[in-house]
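Worksheet: one structure, shown below.
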Amino acid sequence: GEDVEQSLFLSVREGDSSVINCTYTDSSSTYLYWYKQEPGAGLQLLTYIFSNMDMKQDQRLTVLLNKKDKHLSLRIADTQTGDSAIYFCAEKGGSYIPTFGRGTSLIVHP
Amino acid sequence: SAVISQKPSRDICQRGTSLTIQCQVDSQVTMMFWYRQQPGQSLTLIATANQGSEATYESGFVIDKFPISRPNLTFSTLTVSNMSPEDSSIYLCAAGGPNVEQFFGPGTRLTVL
């Protein structure tokens, strides 16, 4: 089946930028998503990008897509302690059902 | 966007009992899904809840263990039957469609003793 890979942990200092990376294998991916999960909560959709785009910016969030390499990244500028959470990458292709990565735990320390 | 609520938000249950989790969406949606998230793991799709017909189960999940109902376009239930400690997990309801993003409920944290 299709696969989505992410590194499991990322630690950054408050105020720095965070970059979370994701790779996927489905060449027919149409939508690529970033979700945020805070402790004890469900998944919150942060942003998504269509496969015909290579960049999307939304306030402190920048999504970059390299479709040739099947690589997606999420950059969080001026990272704050409230950004500490698990970030899930997901892709959706021909089916209605997205495939999720295992999530990257972002730890922001002072 | 769709707002999804689930109840209960958490429960502690005894082995051998069953728990029904409810999911309510604030608008009509094409598709509803049930996921399981075990500690430290990603999301595993259990099934797609189909309105007016039997749910579509993923490999490794069966109707006898996880019966699902979807009587209308905004409501679904998932029952975890004959529970064992291995069923301890977070159960997430989600809603979406073929061309839009998928929204998630807050999850139900289940502990089986």
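Naming convention: chains lettered A, B, ... in sequence-line order (proteins, then strands); numbering from 1 in each chain.
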Output the distance between atom OH (A:Tyr35) and atom CZ (B:Phe104), rounded to the nearest 0.5 Å.
->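 It is 5.0 Å, given to the nearest 0.5 Å.
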Taking atom CD1 of A:Ile97 and atom OG1 of B:Thr48, what is their separation to the nearest 0.5 Å?
->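 Atom-to-atom, A:Ile97:CD1 and B:Thr48:OG1 are 4.0 Å apart.
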Within 6.0 angstrom of B:Ile63 CD1, more than 12 heavy atoms from elsewhere =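 Yes, because the 6.0 Å sphere around CD1 of B:Ile63 holds more than 12 heavy atoms from other groups.
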Considering residues, nucleotides and ligands other than B:Arg10, do more than 12 of their heavy atoms fall under 6.0 Å from its CZ?
->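 Counting other residues, nucleotides and ligands, CZ of B:Arg10 stays at 12 neighbours or fewer.
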Would a hydrophobic clustering, with Ile, Leu, Val, Met, Phe, Trp and Tyr connected at side-chain separations under 4.5 Å, put [X] with [Y]?
X       : Y        : result
A:Leu65 : A:Tyr33  : yes
B:Phe33 : B:Leu110 : no
B:Met32 : B:Ile21  : no
B:Tyr35 : B:Val29  : yes
A:Tyr87 : A:Val4   : yes

How would you list, in number order, the residues of residues 7-19 of chain A that have a heavy atom less than 4.5 Å from chain B?
->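 Within residues 7-19 of chain A, no residue comes under 4.5 Å from chain B.
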Write down the atom of A:Pro98, the atom of B:Gln102, and the distance for their closest heavy-atom approach.
->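 Residues A:Pro98 and B:Gln102, closest heavy atoms: CG-OE1, 3.3 Å.
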Could you tell me which portion of [X] (side chain, backbone, both or neither) has an atom closer than 4.5 angstrom to a non-hydrogen atom of chain B?
X        : result
A:Leu45  : side chain
A:Phe100 : both
A:Gln37  : side chain

Using non-hydrogen atoms and a 4.5 Å limit, figure out which bit of B:Gln6 sits close to chain A: side chain, backbone, both or neither.
->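 Interface part for B:Gln6: neither.
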Determine which pairs satisfy side chain to side chain donor-acceptor pair (under 3.5 Å) with at least one residue from residues 50-59 of chain A, sequence neighbours left out, and list them in order.
->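 As it turns out, there is no side chain to side chain donor-acceptor pair (under 3.5 Å) pair with a partner in residues 50-59 of chain A once direct neighbours are skipped.
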